[in-house]
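Only one structure is covered here, and it is reproduced in the block below.
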Amino acid sequence: MSTTTLERPDAAAAPKPEQAEKLVIFAWSGDLDRVWPALILATTGAAMGKETTVLFTFWGLFPLVRDEVRITGENWMQKMLSMMNRGGTDHLKLSRMNFAGAGSAMMKHLAREHHLASPHELLDLAREMGVRLVPCQMTMDLLGLGREDLIEGLDQPAGATTALAEAQGAITLFI
Amino acid sequence: MSTTTLERPDAAAAPKPEQAEKLVIFAWSGDLDRVWPALILATTGAAMGKETTVLFTFWGLFPLVRDEVRITGENWMQKMLSMMNRGGTDHLKLSRMNFAGAGSAMMKHLAREHHLASPHELLDLAREMGVRLVPCQMTMDLLGLGREDLIEGLDQPAGATTALAEAQGAITLFI
Amino acid sequence: MSTTTLERPDAAAAPKPEQAEKLVIFAWSGDLDRVWPALILATTGAAMGKETTVLFTFWGLFPLVRDEVRITGENWMQKMLSMMNRGGTDHLKLSRMNFAGAGSAMMKHLAREHHLASPHELLDLAREMGVRLVPCQMTMDLLGLGREDLIEGLDQPAGATTALAEAQGAITLFI
C-alpha cells in the first residue's frame with residue numbers, strides 16, 4: 001500500500017519530472033446511481049490534488065443539459081430521444097428499482113439525511129475545484145445537442161482522442 | 001499517494017525497483033453477471049502476485065451482507081431497499097435475462113458444469129489470497145448497513161479517498 | 001495531446017525505457033450503446049499508436065458470433081441463451097430505450113447521418129489496425145461457443161490472466 005516518497009541526495013541535481021497524478025473518468029451513464037459515484041470520485045480525486053478530467057459521453061451527456069431546456073435536437077428522432085431523457089441533474093433516475101421515481105426520491109432523501117452532496121452540488125463543486133468537465137463532441141452531434149443546450153462552465157467539447165491522451169498514466173474509470 | 005521513483009547512486013547497476021503491480025476494482029454492481037467477473041479478476045490478479053483491492057460500493061455492497069441477515073437499515077426507506085435487494089452472494093440476479101431467477105439458476109448450473117467457482121466461493125478464495133475487501137463507508141451510512149450486517153473477513157470500511165490512493169499506478173476497473 | 005517521449009542526445013547515457021503506451025478494454029457488454037464506445041475507443045487508441053487489446057467477455061462475446069450462426073451451444077440451456085441473444089454486430093440492442101428495436105434503429109440512423117461508423121465497420125477497422133481482439137475462453141466454455149461460431153480475424157481465445165498481464169501500465173476500461 002505504501003508509495004513512500006524518498007528524500008534523495010541527488011534529487012535537485014537530476015530532477016526527474018514525474019508524471020502528474022491524474023484521474024480520467026469516462027462518464028457514459030445518465031443514471032443517478034452512476035452519475036453520483038462518477039462525480040464523487042471526480043471531486044475526491046481533485047481534492048487529493050489529482051488533475052481530474054471527466055468526459056461526458058453518450059447517456060452521460062444528458063445530466064449536463066440546462067435545466068430549462070426541455071426538448072433538444074434538430075430532427076424528430078433526436079427530439080424524441082431528448083423527450084425520453086429529461087436533461088439536467090435534477091431528473092436523474094436509478095438504473096434499477098426506480099419505481100417511477102420513488103426509488104430515486106428515496107435515495108436522494110437518504111443522501112440529504114446523511115449530508116451527501118447531490119449530483120447538482122457535486123457538479124458545481126467539481127467546476128470550482130478545476131475538474132475539467134468535457135462534453136463529448138461526437139455524442140453532441142449524434143444527439144443534436146448544441147453548446148447552448150448545455151450548462152455553463154464546461155470545457156470545450158472534445159472526443160475520444162483527447163480523453164485517451166489524458167488517460168495515459170492516469171487512473172481511468174468507465175462509469 | 002506519490003508515485004515518485006527514487007534516483008539512487010546504484011540505479012544503473014541495480015535493476016530499477018518496479019512499482020508493485022496493483023489491481024483496484026470498484027465493485028459497484030450487485031448483479032451476478034458483474035459480481036462474477038469482478039471476483040474472477042480479483043482472484044486472478046492476486047494469483048498473479050498483484051496487490052489487489054476491491055472497494056464494494058453502492059449496489060455492490062449487498063453481496064457482502066450476511067446470508068442470515070434479512071432486513072437491514074434504520075428507517076423504512078433503508079429497510080425497503082434491503083428487502084428488494086436480498087443480500088448475500090447466493091441471491092444475486094443477472095442484470096438481463098434473469099427471468100425471475102431462471103436465467104441466474106441456468107447460468108449457475110452452467111458454471112458448475114464447467115467447474116467455474118461461484119461468487120460465494122470466489123469471495124472466500126479472495127479473502128484467503130489476501131485480497132483487500134473494502135466495504136464503502138459512505139454507502140453503508142446511506143443504506144443503514146452496520147459492520148455486523150456484513151460477512152466476516154472484510155477490511156475496515158473506507159471510502160473514495162482510500163480507493164483512489166490505492167489506484168494510482170494500478171490497473172483500475174469500475175465494474 | 002501527444003505523450004510521446006523524445007529521444008534526446010543524452011538518452012543513451014540514462015536510458016529510461018519507456019513502457020509502450022497501451023490500451024486494454026474489457027468488453028463485457030453486448031449492448032449497442034456499450035459495444036459502440038468500446039470499439040470507438042479501441043480504434044481511436046490504435047490510431048494514436050497505442051498497443052490495443054480488447055477482451056470480449058460475458059455478454060460481450062455475442063457480437064463476435066458469425067452472422068449466419070443462429071443457435072449455439074451444446075445443451076438446451078446454452079441454446080436458449082443464444083436464442084435470446086442473437087449474435088453478430090447487426091442485432092445489437094440499446095441497454096435502455098430500445099423499444100423493441102425502434103430505439104436501436106433510430107440510433108443507427110442518426111449514426112449513419114453523422115457518418116459515424118457502425119459497430120460492424122468498427123470491428124473490421126479494428127482488425128485492420130492490428131487491435132488484438134481476444135475472445136474470453138472461459139465465457140466460450142460457459143456458453144458452449146466454439147471458435148467456429150465466431151467471426152474470422154480474432155486472436156486466440158484467452159482469459160483473465162492474459163488480459164491482466166496486458167493491462168499492467170495500460171489504460172484500462174471495463175465497458
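Lettering of chains follows the sequences in order, A, B, ..., and the numbering in each one begins at 1. As the structure is a computational prediction, the values presented were derived from the model and not from experiment. Side-chain atoms are counted along with the backbone in the values below, which use heavy atoms only and exclude waters and symmetry mates.
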Item to check | Interchain contact, B/Leu173 with chain A, by part (heavy-atom threshold 4.5 Å) | outcome: backbone
Next on the checklist: To check you understand the geometry: which heavy-atom pair defines the closest contact between A/Gly45 and B/Leu164, and what is its length?
Outcome noted: N-CD1, 3.6 Å
Item to check | Contact origin within A/Ile25 toward chain B - heavy atom pairs under 4.5 Å | outcome: neither
Item to check | Residue part contacting chain B, namely of A/Leu116, when any heavy atom lies under 4.5 Å | outcome: side chain
Checklist entry - Does B/Trp28 reach the main-chain N or O of A/Ile175 with its side chain, forming a donor-acceptor pair under 3.5 Å? => result no
Next on the checklist: Checking the side chain of B/Thr172 only, and the main-chain atoms of A/Thr172 only, is there a donor and an acceptor separated by less than 3.5 Å?
Outcome noted: yes
Checklist entry - Got A/Ile40 and B/Met138 here, is their nearest side-chain heavy-atom distance under 4.5 Å? => result yes
Checklist entry - About how many Å separate CD1 of A/Ile171 and CZ of B/Phe26, when rounded to the nearest 0.5 Å? => result 7.0 Å
Checklist outcome for this item: To the nearest 0.5 Å, atom CZ of A/Arg34 lies from atom CH2 of B/Trp59 at 11.5 Å
